[in-house]
J.: 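Okay, handing you the structure first.
Below, chain A is the first sequence line, B the second, and so on; all start at residue 1.
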2 protein chains.
Amino acid sequence: MLFLGTIENKLDQKGRISVPADFRMVVKNSTFQGVILFHSFTNKCIEGCSMERMEMLSDATDNLDLFSEENDNLNSLIFSDARQLSFDVTGRIVIPSDLLEFAGIKNSALFVGKGKTFQIWNPDEFNKFQNNVRKKAFDARPSLSFKKE
Amino acid sequence: MLFLGTIENKLDQKGRISVPADFRMVVKNSTFQGVILFHSFTNKCIEGCSMERMEMLSDATDNLDLFSEENDNLNSLIFSDARQLSFDVTGRIVIPSDLLEFAGIKNSALFVGKGKTFQIWNPDEFNKFQNNVRKKAFDARPSLSFKKE
DNA sequence: TTGACAACCATAAAATACCATAATATTATT
DNA sequence: AATAATATTATGGTATTTTATGGTTGTCAA
């Protein structure tokens, strides 16, 4: 199962927001009924994934080197920053305020499927980003975008 | 199993449409009883495939690199646009309205087999497209089109 | 005792399951 | 081979469930 599509949901005054049903389905068989969130390293948005994915990341970065400063820094960046947020009965989470601020999210947020992971964006910010990505893809491969007659 | 042939079916007022029985057979042994749909990057139509195929794509693009902007952009193009649609009891799906608009589909749609994938077209648009393709093939290779006796 | 937070209850809208039927194809029978 | 019987589709309408969202209460700790 993959995180697919983009769904916009609202934050209520208590900061709660529904995780899209399709996204909840992805972690349905997971031990942890919730998601992991952390700052994105590439964009002005929040990164999200399942606990299983986080464990894979851990396995990938873990080289058992207790003396590697680089390794320590990387783990610090990723794991100390990550929060596990469990769903309430109706499938909502409360996104920590520092993450909301980082992503510039106020009243509503966009859940963006990325396959094995997902992101949470300010809807307007994502529009800008997506247009930019499409433009870049277009510039890189014009032959795919416009077939000559 | 492959997606083969072209079948035209109707949309009802609720936007439901039967996925051709032969197409449903292709994903019969899949864990996810449904199809993945997304905008075509090359034509005015909807692209479709099985969840397995989407997972293969995911495996191919997934590199666990949290710092790769390029990878992030690629995933954004592919997965943020895709929807998983499961069959109802009679084998129907509801195609999201934005995809219908993109492909210019109103009352009926044409399922076009492409082997490992398929497409969904406005029937008239597909005719135009098909004629164009034939014309191009004709222009390119007149010698193949008219065999002398 | 106040403020943060979790558990609980409620509801409108949207999505999906359910039931029914008509059209088509497939098989069986004579 | 012709026709009857059966199964499988595609399609239409209704009922039920799920989802997203809002509000209230209870609990624990500062």
J.: To the nearest Å, how far apart are B:N107 CG and D:dA10 C1'?
T.: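 So the two atoms are 16 Å apart, to the nearest Å.
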
J.: Produce a footprint string for nucleotides 2-8 of chain C: one letter per nucleotide, 5' end first; B if the base is under 4.0 Å from any protein heavy atom, S if only the sugar-phosphate is, - if neither.
T.: ----BBB

J.: What is the distance from CD of A:Q13 to P of D:dA20, rounded to the nearest Å?
T.: 18 Å

J.: Under 3.5 Å, is there a donor-acceptor pair linking the side chains of B:T61 and B:N75?
T.: yes

J.: Answer yes or no: is there a donor N or O on one side and an acceptor on the other, between the side chain of A:D22 and the main chain of B:Q84, under 3.5 Å?
T.: no

J.: Nearest-Å distance, CG (A:L11) to P (D:dG22)?
T.: 10 Å

J.: Whole angstroms only, please: what is the CG-C1' distance between A:D22 and C:dA15?
T.: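 Interatomic distance, CG of A:D22 to C1' of C:dA15: 11 Å.
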
J.: Round to a whole Å and report the spacing from CD1 of B:I7 to P of C:dA25.
T.: 12 Å

J.: Can you name the nearest heavy-atom pair linking A:L85 to A:I95, along with the distance?
T.: CD1-CA, 4.3 Å

J.: Which part of the nucleic acid, if any, lies within contact of B:T90, taking any heavy atom under 4.0 Å across all strands shown: a base, the sugar-phosphate backbone alone, or nothing?
T.: base

J.: Grab the CG-P distance between B:D12 and D:dT14 for me, whole Å please.
T.: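 From B:D12 CG to D:dT14 P: 13 Å.
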
J.: Just to verify, which of B:D98, B:I93, B:I36 counts as forming a side-chain contact (heavy atoms from CB on, under 4.5 Å) with B:R83?
T.: B:D98

J.: Quickly work out the B:Q33 CD to C:dA17 C1' distance and round it to whole Å.
T.: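 Nearest whole value for this atom pair: 16 Å.
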
J.: CG of B:N63: more than 12 outside heavy atoms within 6.0 angstrom?
T.: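 Yes - once you tally the heavy atoms of other residues, nucleotides and ligands closer than 6.0 Å, there are more than 12.
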
J.: Please check if the number of heavy atoms outside B:E70 that lie under 6.0 Å from its CD is greater than 12.
T.: no

J.: Would you kindly give the CD1-to-P distance between B:I95 and D:dT11, to the nearest whole Å?
T.: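 Interatomic distance, CD1 of B:I95 to P of D:dT11: 12 Å.
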
